[in-house]
Amino acid sequence: MYLLKPFLVILMLSTFTGTADGYYDYIKQQCFYSTSDYSDMVYLASYSFNKVVDTQFNSSVGKFVGYTEQGLIFAENFNKDQAYLHQLKAQVDTFCRHNARIWDSAVRDKAVLPEVTIKSVRQAEGRHPAVLLCSAYEFYPKKIKMSWLRDGKEVTSDVTSTMEMADGDWYYQIHSHLEYTPKSGEKIQCLVEHASLTQPLTKDWNPHISESDRNKFAIGASGLVLGIIIAIAGLIYYKKKSTGRILVPN
Ligand SMILES: *[C@@H]1O[C@H](CO)[C@@H](O)[C@H](O)[C@H]1NC(C)=O
């Protein structure tokens, strides 16, 4: 199993005087990187008192830099200690790259597929008679691209999208509205690009089988069937009655 390697113990001395006041003496270690091969990794150790950074070690500088009167003295002393500087420089590997590999495999490299829905929504007032809503739910990571295609071409006008919204459980959701004037025979699609997908996901809008239309159709069909049954029953009843009557000539 992996264990995170602690190196500098974060020292927090607080002397409480009364209820809320105190002094905080602390060292903050940070790792900065933006590439997946960690080639740009920078290790930063900041020595602070209360909220003021006195001195800082930046691995790409290779020595301490003082920012306050006291910090200048600290920096001068630390910079004389070659063994200490050497140890801190090594932190880029032993602390930053080591831990980044663990965090990234546990979090950053995970991707969860979005659930995409497309539906027609009622609009307040707009320039076009119809509004479609495309939504993507429960995806991770945050970065996503949602766009609209009309007959295969990207639509950019009359599109309004929300930001990626955090659900608070590591997942995100996003929504996009397309305001448009329907044309017969056209094809409208919502396109989603995300780290969890090897190719863009498209969701087609099919105006003929929307949920409410399906329900209306079902009600209509039931009514028709019922009508036919009653008509047949009536016809049978009529036939029975008319054949049952004996015509007597007078
Ligand atoms: C570390 O030092 C380099 C070189 O001066 C600088 O470009 C970089 O911004 C510093 N990094 C941080 C996190 O302060």
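Ligands are counted one by one from 1 in listed order, and the atoms in each one are counted from 1 as well. Fair warning: this is a prediction, and the values are worked out from it, not measured in the lab.
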*Other than Leu197, which residues form its hydrophobic cluster under the rule that side-chain heavy atoms must be closer than 4.5 Å?*
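Grouped by the 4.5 Å side-chain rule, Val107, Val112, Leu113, Val116, Phe139, Tyr140, Ile144, Met146, Trp170, Tyr171, Tyr172, Ile174, Val192, Leu201 form the rest of the cluster around Leu197.
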*Under the ring pair (Phe, Tyr, Trp, His ring centres under 6.0 Å) rule, collect the residues that match up with Tyr67, sequence neighbours excluded.*
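Scan of Tyr67 (ring pair (Phe, Tyr, Trp, His ring centres under 6.0 Å), adjacent residues dropped) gives none.
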*Mind checking side-chain hydrogen bond (donor to acceptor under 3.5 Å, both in side chains) for Glu186 and listing every partner two or more places apart, or none if nothing turns up?*
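Partners of Glu186 by the side-chain hydrogen bond (donor to acceptor under 3.5 Å, both in side chains) criterion, ordered by chain and then number, come out as Arg150.
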Which protein N or O atoms sit under 3.5 Å from any N or O of ligand 1? Give each pair with its distance.
unit_1	atom_1	unit_2	atom_2	d
ligand 1	2 (O)	Asn58	OD1	3.3
ligand 1	2 (O)	Asn58	ND2	2.3
ligand 1	2 (O)	Ser60	OG	3.2
ligand 1	11 (N)	Asn58	ND2	3.0

*State, without any angle test, whether Tyr38 and Asp104 hold a side-chain donor-acceptor pair at a distance under 3.5 Å.*
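The answer is yes; a qualifying pair exists.
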*Counting N and O atoms only, with roles assigned by atom type, does the side chain of Asp151 sit under 3.5 Å from a partner on the main chain of Lys187, one being a donor and the other an acceptor?*
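Yes: the side chain of Asp151 pairs with the backbone of Lys187.
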*Under 6.0 Å from the CD atom of Glu154, do we count more than 12 heavy atoms belonging to anything else shown?*
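Counting neighbours around CD of Glu154, more than 12 heavy atoms of other residues, nucleotides or ligands fall under 6.0 Å, so yes.
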